[in-house]
Amino acid sequence: MSKFRFTVGPWNVHEGTETFGPGIRPSIPLEEKVAKFAELGLDGVQFHDDDAVPDMNRMSEKQIVNYAKDVGALLHKHGLFAEFVAPRLWFDFHTNDGGFTASRREDYDFAIWRSLRSCDIAKALGTNKIQLWLAREGTLCAEGKNPVEKIRQLRDAFNTILEYDREIRILVEPKPNEPIDRSYCGTAGHALAVGANTVDPTRVGVCIESAHSILSGLDPAADMALALAWGKLWGVHLNDQNGIRYDQDKSFGVENLRQAFNQVKVLHENNFGEQGECVGLDVKAMRTQRADDCYRHIINSKRIFELLLEKVKRFDYQFQAKCVEEQNFEKLEMYVLELLMGV
Ligand code: XLS
Ligand code: MG
């Protein structure tokens with residue numbers, strides 16, 4: 001198995017802003033973050049469209065591409081690559097009621113414009129992956145939308161992106177809630193079903209985020225397995241989450257080590273990464289973290305992954321087969337716990 005390649009996004013080093021308080025750490029310019037990512041041994045960077053091209057709403061299509069090319073050169077200088085570009089459709093007033101599932105035509109058109117520009121930015125950065133976290137695609141008011149119509153409209157938006165550029169591949173990052181109450185495409189199963197009904201299902205896959213599976217009451221490793229079974233796991237966002245509550249983006253493995261172990265295990269066993277897929281770490285530092293040590297959650301997540309990978313490689317498949325044969329899962333479970341505890 002080749003070495004796993006790790007990526008993060010600029011938003012994973014943030015000021016600490018949350019619903020109940022403003023930022024408490026100074027903003028760090030993109031150039032500085034990129035240099036630090038390379039220093040930490042990361043391989044690539046993930047981008048929102050406006051992480052790469054901040055003022056894009058006010059720029060021409062040509063200006064956007066030129067700006068993105070400069071960002072590509074910055075990555076190149078530090079030996080990094082771009083993994084994907086994700087249109088940040090949840091920030092603009094146009095997408096308050098969703099983008100692809102917006103009720104007003106002008107808002108839908110805005111969402112499409114940003115998505116097509118994301119395709120352009122992706123190509124300028126040297127990647128063909130567009131990631132769609134469908135943040136506000138659903139509704140806060142159940143009667144506010146016709147769900148069947150809107151789910152078809154979501155599919156139509158995918159088609160427009162797929163038809164715009166024949167090389168572009170869509171990675172859907174499903175999440176069941178937050179900021180939207182009722183997501184129309186909240187799980188891997190939903191995402192694959194929408195993808196299967198597009199003009200080119202072969203170019204629609206998923207990125208599974210650990211916390212999003214947990215928020216759905218599902219097991220992240222099982223969600224990854226579903227996508228792996230059909231060759232659809234094109235990305236992962238590893239992190240952790242304490243139960244079904246607000247989205248926490250904790251460091252990978254800090255809440256549930258066994259659950260994290262099984263994510264690493266399913267990725268390793270299925271040669272994740274062989275087609276260029278990356279291990280994305282979608283983690284955020286705690287609000288208490290000081291500015292002079294605000295990359296530690298990334299360092300920790302990568303280290304936890306690597307330590308768990310060593311455990312996975314030591315997993316005794318013969319012992320496991322024997323336990324399965326005897327249906328002695330108590331025995332197998334204790335073996336796994338001892339392996340994790342280093343007994
Ligand atoms: C939020 C998402 C976000 C995406 C990138 O819940 O995880 O960070 O991964 O748009
Ligand atoms: Mg994510």
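In each ligand, atom 1 is the first atom listed, and ligand 1 is the first ligand listed.
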Return yes or no for this condition: an N or O of K175 is under 3.5 Å from an N or O of ligand 1.
yes
Would you please say whether a donor-acceptor pair under 3.5 Å links the side chains of [X] and [Y]?
{"X": "D249", "Y": "N239", "value": "yes"}
{"X": "D240", "Y": "Q248", "value": "no"}
{"X": "D200", "Y": "T198", "value": "no"}

Does [X] come within less than 4.0 Å of [Y], counting only side-chain N to carboxylate O?
{"X": "R258", "Y": "E333", "result": "yes"}
{"X": "K322", "Y": "E326", "result": "yes"}
{"X": "D120", "Y": "K123", "result": "no"}
{"X": "E32", "Y": "K36", "result": "no"}

Pick one of side chain, backbone, both or neither for how D247 approaches ligand 1, counting any non-hydrogen atom pair under 4.0 Å.
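For D247, the contact with ligand 1 is made by the side chain alone.
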Report the part of Q46 (side chain from C-beta onward, or backbone N, CA, C, O) that has a heavy atom under 4.0 Å from ligand 1; answer both or neither where that applies.
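Answer for Q46: neither.
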Return yes when at least one N/O/S atom of D282 is nearer than 2.8 Å to the Mg ion (ligand 2), and no when none is.
yes
Considering only heavy atoms, which of E178, E209, E173 lies nearest to atom 9 (O) of ligand 1?
E173
Ligand 1 contacted by F84 (non-hydrogen, < 4.0 Å)
no
With a 4.0 Å cut-off on heavy atoms, does H212 reach ligand 1?
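H212: in contact with ligand 1 (<4.0 Å).
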Which of the atoms in ligand 1, numbered in the order shown and given with their element, are less than 4.0 Å from a heavy-atom of [X]?
{"X": "W90", "value": "10 (O)"}
{"X": "H237", "value": "9 (O)"}
{"X": "H48", "value": "5 (C), 10 (O)"}

Could you check which N/O/S atom of [X] is closest to the Mg ion (ligand 2)?
{"X": "E209", "value": "OE1"}
{"X": "E173", "value": "OE2"}
{"X": "H237", "value": "ND1"}

Exceeds 12 heavy-atom contacts within 6.0 angstrom, atom NZ of K311
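Above 12, so yes.
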Same cluster (ILVMFWY, side-chain, under 4.5 Å), L74 and W11
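No, separate clusters.
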Can you pull out the closest protein heavy atom to atom 8 (O) of ligand 1? Residue, atom name and distance to 0.1 Å, please.
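Of the protein heavy atoms, D282 OD2, 2.8 Å lies nearest.
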